[in-house]
Q: 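Okay, here's the structure, questions in a sec.
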Amino acid sequence: CIEVGREEMAAGVLAAAVAVAVFGVEYQPAQDSDPNIVLLDGKGWIHLPSREEMLGKPNRPPGEGPPPIVLEQDHAMEHAVITVLVASYREELCPKTLVNLFTKAKHPARVRIGIIQQNKDEDVDCQRGMCELMGTPAESGKCRFFDQVRMVRMKASEAKGPVYARAQQIRTVEKDDDFCMQIDAHTDAVQDWDDKILGEWFETQNEYAVITTYPTEVTHLNENGGGHWTMPYNCHAHFTGQAGLVVNTVASTAANMEYPILQPLWAAGLSFARCHAERQVPTDPELKSVFGGEEFGRGSRLWTAGYDFYALRRPVIGTWYGGDKHNHADWKMASDEASSSSHRLATMLKWKDSDQSAAAVAGLGVYGLGKKRTLEQYIKFSGVDTINFKMDSQCVVSYVPWDWSNDPYAGVNSPDRLKRKHNAIEVHSENTGAESKGEDPHDLRKVIVNQRIEGLKPEQPPREYHPGHAGQAAVHDPHGDGLHDGVSVNDRRVADPDDRPWEVTGRRPRKMSSVGELALGSVALIVVYYLGTFVVKRMSGPSRKPQNLVV
């Protein structure tokens, strides 16, 4: 929490003058009690631009404003499934994190948690530890949220860094999951966190919005810092000196926000978005032994794929930092893997003297930059010039539009249009002031929507169910060599990928076979036929007395 004294407020005038020179727009110095303010270079508070200038004008045609949100807010607040993604390396607080998220959610039955666990034999298991903390051991069969946790169990010796672990998270995302939230394995939350972060996301009025920040320290989660709700705002980064690696620095500060504020940089500690962000921009599994450099690399891919980053207005998720994490930080980087990863990032970010050959660029595959915006646009937007090795942080930014007319997840193209009460999405024309409705050109009764874009989500291997592990299945071993994708499958479990709906208890209902469904349907038709025949005969018989029919 940053308190600005009189001398710093005087310096705010100078900061505003600097803003005029840098951004070409005059921003007025502000008091720390004013709404929608940001601390510019530590010299003073300034007012942010208008909501429309910063966030973009909603309900505008493609290329003029952000893609409209497809889900209806009221429906989503009552039915949306949130999948929390956690990469855990020997984390003692992982079980407590699960308990926190489930018990503090307003709608715990709609929360799923995918864990990529990298443990030694003596370490506590996240899922079983959660059950122990709740007083219902997993063996009892009474652990309330057991089936809502999707586990991928790896050995600690198989760990190759946080990016590699997060690349496995897509395996825990199912096709009907609406929102995905990445956090750390040492996390707490405010009460009704699920409802509150959904509300923040809808405030952006952008289908491609990503709520992202460095979470508040747990002990300060419910504190109104300085009396004006100061929040982290990610706009500063620096070069590490190693090719390809850009690292976020200490966050700046925003305060008294009336709406989520657009920011130039993405943070790994909290990232909340539609799950199509995970499908379209999957984390690169080839970035092994990478720690610093993860965030700018993933952020540049997300932004060029059309996604935008927004700061929270109020704390929702908190984390333990430093020694309070109680994790075992004994993972060792492999220098050859780290070197290969940095060169891969350098190629993607067009670093000077990096390998820009066709083969190197093609080698990035689906883990390269997006096609909606360019790297050059992101350099201008963020102030991080990876081509010319220059840094000019941009802490006040405005929305950069892109053409979403043919995007698979925007407007009438989105599979989620089927979840709306009304399938028409209104788009306003700025030129005529008229409204046009993007009607679905297909008969919705005949449309089968595939939410997975081919080539973006890794194919799920066949699953084999194991007695005694309710709701879980082992990773298939296709060659009998104890490996799947080069990683040991020994004692690894992932969630049942079946797409049946979840009951309130979190357990799936029994699924009827196709033969059973056919038989039941035939019996129903026969009953309806004979009942109809009986009614017709009674009504057309010789008696003209009124018939008391109960159908």
Side-chain angles (χ1 to χ4, degrees), residues 81-105 107-159 165 168-169 171-174 177 181 183-189 194 326-328 460 463-477 484 487-511:
V81 173
I82 298 176
T83 297
V84 183
L85 305 176
V86 181
S88 173
Y89 178 82
R90 307 194 65 202
E91 295 271 1
E92 292 183 10
L93 293 180
C94 186
K96 186 175 182 179
T97 295
L98 270 60
V99 173
N100 291 338
L101 293 174
F102 281 126
T103 59
K104 294 183 179 181
H107 304 285
R110 303 203 320 262
V111 174
R112 312 285 179 263
I113 303 182
I115 305 288
I116 308 301
Q117 177 176 275
Q118 304 152 100
N119 271 5
K120 291 185 177 181
D121 292 341
E122 64 267 25
D123 295 328
V124 61
D125 181 82
C126 290
Q127 186 181 37
R128 294 179 177 276
M130 173 196 73
C131 295
E132 293 288 343
L133 288 176
M134 297 181 68
T136 51
E139 291 76 14
S140 70
K142 299 179 180 179
C143 185
R144 180 181 176 191
F145 303 112
F146 187 91
D147 287 343
Q148 291 169 243
V149 180
R150 305 164 181 171
M151 295 292 297
V152 175
R153 291 180 170 91
M154 300 170 60
K155 294 182 178 180
S157 59
E158 297 170 329
Q168 313 307 313
Q169 291 173 166
R171 296 179 180 275
T172 69
V173 179
E174 297 185 0
D177 296 348
M181 182 175 76
I183 59 171
D184 290 328
H186 35 269
T187 293
D188 200 352
D194 51 335
H326 296 290
N327 60 345
H328 301 276
Q460 294 282 356
R463 305 291 199 241
E464 297 174 352
Y465 292 90
H466 288 247
H469 293 277
Q472 295 185 330
V475 175
H476 182 60
D477 181 3
H484 175 74
V487 178
S488 171
V489 301
N490 183 34
D491 196 32
R492 260 181 21 176
R493 302 287 183 266
V494 297
D496 176 2
D498 189 72
D499 60 358
R500 285 170 282 164
W502 293 76
E503 295 177 335
V504 175
T505 60
R507 302 184 185 277
R508 297 185 187 277
R510 181 179 299 277
K511 186 175 183 180

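When a residue number appears, it is its place in the shown sequence, counting from 1.
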Q: So how far is it from Arg171 CZ to Arg150 CZ, rounded to the nearest 0.5 Å?
A: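 Arg171 CZ to Arg150 CZ: 14.5 Å, rounded to 0.5 Å.
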
Q: Just how far is it from atom CG of Leu85 to atom CD1 of Ile82, taken to the nearest 0.5 Å?
A: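 Rounded to the nearest 0.5 Å, the CG-CD1 separation comes out at 11.5 Å.
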
Q: My understanding is that only residues two or more places apart in sequence, or in another chain, count here; which of them pass side-chain hydrogen bond (donor to acceptor under 3.5 Å, both in side chains) with Glu122?
A: none

Q: Between Ile116 and Val86, is there a side-chain heavy-atom distance shorter than 4.5 Å?
A: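 SC-SC contact between Val86 and Ile116 ruled out.
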
Q: Return the minimal non-hydrogen interatomic distance between Ala189 and Lys104, and the atom names on each side.
A: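 Distance-wise, the nearest heavy atoms are O-CD, 3.1 Å.
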
Q: I'd like to check the side-chain hydrogen bond (donor to acceptor under 3.5 Å, both in side chains) partners of Asp184; sequence neighbours left out, ordered by chain and number.
A: Arg166

Q: Got a sec, which residues hit side-chain hydrogen bond (donor to acceptor under 3.5 Å, both in side chains) with Gln169, two or more places apart in sequence or on another chain?
A: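 For Gln169, the residues satisfying side-chain hydrogen bond (donor to acceptor under 3.5 Å, both in side chains) (neighbours in sequence not counted) are Gln182.
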
Q: Quick one: closest heavy-atom pair of Ala105 and Val111, and the distance?
A: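 Between these two residues, the closest heavy atoms are CB-CG2, 4.0 Å.
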
Q: Hey, what do you get for CD (Glu132) to CD (Gln127), rounding to the nearest 0.5 Å?
A: 12.0 Å

Q: Taking atom OG1 of Thr97 and atom CZ of Phe102, what is their separation to the nearest 0.5 Å?
A: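 If I round to the nearest 0.5 Å, the distance is 11.5 Å.
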
Q: Please check if the side chain of Thr187 supplies one atom and the backbone of Ile183 the other of a donor-acceptor pair under 3.5 Å.
A: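 No, Thr187 side chain to Ile183 backbone: no donor-acceptor pair under 3.5 Å.
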
Q: Applying side chain to side chain contact (heavy atoms under 4.5 Å, CB included), name anything that partners Asn100, two or more places apart in sequence or on another chain.
A: Lys96, Asp188, Trp320

Q: Atom CZ of Phe145 and atom CD1 of Ile113: how far apart are they, to the nearest 0.5 Å?
A: 9.0 Å

Q: At their closest point, which heavy atom of Ile115 faces which heavy atom of Cys94, and how far apart are they?
A: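 Distance-wise, the nearest heavy atoms are CD1-SG, 4.2 Å.
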
Q: Could you tell me which non-hydrogen atom of Ala185 sits nearest to which non-hydrogen atom of Ala87, and how far apart they are?
A: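 Heavy atoms of Ala185 and Ala87 come nearest at CB-O, 4.0 Å.
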
Q: Tell me every residue that passes side chain to side chain contact (heavy atoms under 4.5 Å, CB included) with Val81, counting only those two or more places apart in sequence or in another chain.
A: Thr83, Arg112, Asp177, Asp178

Q: Who pairs with Ser157 by side chain to side chain contact (heavy atoms under 4.5 Å, CB included), at least two apart in sequence or on another chain?
A: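 Ser157 satisfies side chain to side chain contact (heavy atoms under 4.5 Å, CB included) with Lys155 once adjacent residues are dropped.
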
Q: Of the non-hydrogen atoms in Arg144 and Pro108, which two are nearest, and what is the gap between them?
A: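 Looking at all heavy atoms of both residues, the closest pair is NH2-CG, 4.1 Å.
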
Q: When you measure from the side chain of Asn119 to the backbone N and O of Val124, does any donor-acceptor pair fall under 3.5 Å?
A: yes

Q: Restricting to side-chain hydrogen bond (donor to acceptor under 3.5 Å, both in side chains), what partner residues turn up for Asp123, sequence neighbours left out?
A: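 Asp123: side-chain hydrogen bond (donor to acceptor under 3.5 Å, both in side chains) contacts with Arg90.
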
Q: Is it the case that the side chain of Gln117 and the backbone of Cys126 share a donor-acceptor pair, with hydrogens and angles ignored and the cut-off at 3.5 Å?
A: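 Answer holds: yes.
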
Q: Holding to side chain to side chain contact (heavy atoms under 4.5 Å, CB included), I want the full list of residues that pass it with Cys131, two or more places apart in sequence or in another chain.
A: Ala138, Cys143, Phe146

Q: Can you tell me how far CZ of Arg128 sits from CG of Leu98, rounded to the nearest 0.5 angstrom?
A: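 So the CG of Leu98 and the CZ of Arg128 are separated by 13.5 Å.
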
